[in-house]
Amino acid sequence: MKNIKRVLLIVILAMLGLCFGCSEAKGPYGKYIEEDLETTNIIEDNYRNYYEIFVRSFYDSDGDGVGDLKGVIEKLDYIQDLGFNGIWLMPIHKSASYHKYDVDDYYSVDSKYGTMEDLEALVAECHKKDIKLILDLVINHSSSANAWFTKAKKAHEKWLAKETLTEEEEKFKDFYVFYDDKNAIPATKKAYQVGKKGYYYEANFSSNMPEFNCDSPAVREEFQKIMKFWLDKGVDGFRLDAVKYYYYESHTKSIALLSEINKWAKAINPNAYIVGECWDPVTIIEQYYGSGCDSFFNFSLSVSDPSSPLVNSLNLEGKMLNKYYDGLLANISMAKDGIPAPFLNNHDTPRFTSTATASINKVKFQYALLSMMNGSTFTYYGDEVGMVGSNAGTSPDQNVRIPMQWGDGFGDCDPLSGATEASYPYGTVKAQMKDEHSLYNFYKKCLLLRNQNPEIARGAVSLVEMDREDQKLLFIEKEYQGSKIGIIFNFAPYDNLKVDYQSKGFTKVVGQLVTDSKDKYIGLQDDGSILLPPYSIAIVK
Ligand SMILES: [Ca+2]
Ligand SMILES: [Ca+2]
């Protein structure tokens, strides 16, 4: 029966070729395969496609030049349409800095971003669209302008002077890490003297970021209160900043605190999602998963790691194909029972479009490689339109936090003070949405395929075939709840790759990611195999 169908197909194709003089780009690729992508196939779990937003530079709803929460609400359709179903907001609490990683008041929304009502409205709108919203929670340190720091210094000085303390002063005298003897400051830590008072406070990031004393029961109680406050507002979890700095001297102690934090959050909302930032190699991060927190970012896959298998899988002259597969397996095994959290770049790293060798096809393929990883992927705002920016070397962080260019004539934020570059080589959002071959539309396809095929994020992986000689073919399968998909990669930048997928137990192509898509596609050959163009991926079932 199959053969008859094939013969018929060939006859029909031949006739079409005759009728239209082969003007349809049949090329070497064979029959075009129609896809049917759904946008709303979201499973109610914590495996999500997260979109990281720097509110200041995202969308300005009221024309004052500063992005705001109402702007995020206005762009929820855009975010959902791209295929994201989770949002990580970089810090939104009151803070004098532009980045807000030094918090003045943990129970507030910075007035530049909007009001508490705006945040509540954003939560409600996200939930209507089945989007989870997580907040950046920066509790290793506060701002030195936080009222708690003033209270703590005052109480600590009274205590040093052996004066009687009130109950509240007792609570605050050790709220931050103070050293009364300069010689007691560990060589690995940074501490600053308070005025000329002869005592010091720990601040490993900067003098205006004093670190909380995580041993203090009062501090731990406050952490719980902060989380309860925001979870009660309906936010779905937290991205925890700088978790290894909780106790900079001891991973064991930081992990133990994370275990408590995770329990506190889950006691309020059992489905709360916690993802921690521990900028360390796999061997360390896997220890952090022992805390029970859902996720820790996988820095070993990001541009911050020069040996990242995602970055190095481009230009396979270096014979790195097995490294991509190893990286894919390590990404899963390091997470133990938790959820892997792979990403390419964020607000602290150069954008991956900024490497000297970047071309649109490489940028697309690199994102496609990320998109085939298990777990919750994290995508930094603006990457979908290929925004460029680097904070490498002496370049400022502002370069990777520049405004989105919407191209609508409104909503663009003012340029970010301090940025030394602002580049949009692939055009505005509006222009890219109209171009079916744009980065934007490629990103969208990657994300929709993740939603459509839940096996990609959640499936158990096994190897079908890897051509270590040629460094072109990687064929894996992922199985989730009895459903199996195959993922076939052509890692070659210039060569087509023919694959007989049917002999491996699969019957149809359900998705294709072709980087050079102007005249190339993954097509069915007359013999039933498929031909993959350079830097492309086929998903088969
Ligand atoms: Ca505004
Ligand atoms: Ca600390």
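Heavy atoms only: backbone and side chains are in, while hydrogens, waters and symmetry mates are out. Small disclaimer: the values here were computed from a predicted structure and weren't measured. In each ligand, atom 1 is the first atom listed, and ligand 1 is the first ligand listed.
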Within Asn140, is some N, O or S atom less than 3.0 Å away from the Ca ion (ligand 2)?
yes

N/O/S from Tyr245 sitting under 3.0 Å away from the Ca ion (ligand 2):
yes

State the count of protein N/O/S atoms located less than 3.0 Å away from the Ca ion (ligand 1).
5

Give me the ring orientation class for Tyr246 and Phe223: parallel if the planes are under 30° apart, tilted from 30 to 60°, perpendicular past 60°.
tilted

Minimum-distance N/O/S atom that Glu211 presents toward the Ca ion (ligand 2):
OE1

To the nearest 0.5 Å, what is the distance between CG on Leu122 and SG on Cys126?
4.5 Å

Mind checking salt bridge (Lys or Arg N to Asp or Glu O under 4.0 Å) for Asp136 and listing every partner two or more places apart, or none if nothing turns up?
Arg239

What residues, two or more places apart in sequence or in another chain, satisfy salt bridge (Lys or Arg N to Asp or Glu O under 4.0 Å) together with Glu120?
Lys233

Tell me which pairs pass ring pair (Phe, Tyr, Trp, His ring centres under 6.0 Å) where either residue lies in residues 124-147, with sequence neighbours left out.
His141-Phe205

NZ/NE/NH1/NH2 to OD/OE distance under 4.0 Å, Lys225 and Glu222:
yes

Using a strict cut-off of less than 4.0 Å between a Lys/Arg side-chain nitrogen and an Asp/Glu carboxylate oxygen, indicate whether Lys158 and Glu169 qualify as a salt bridge.
yes

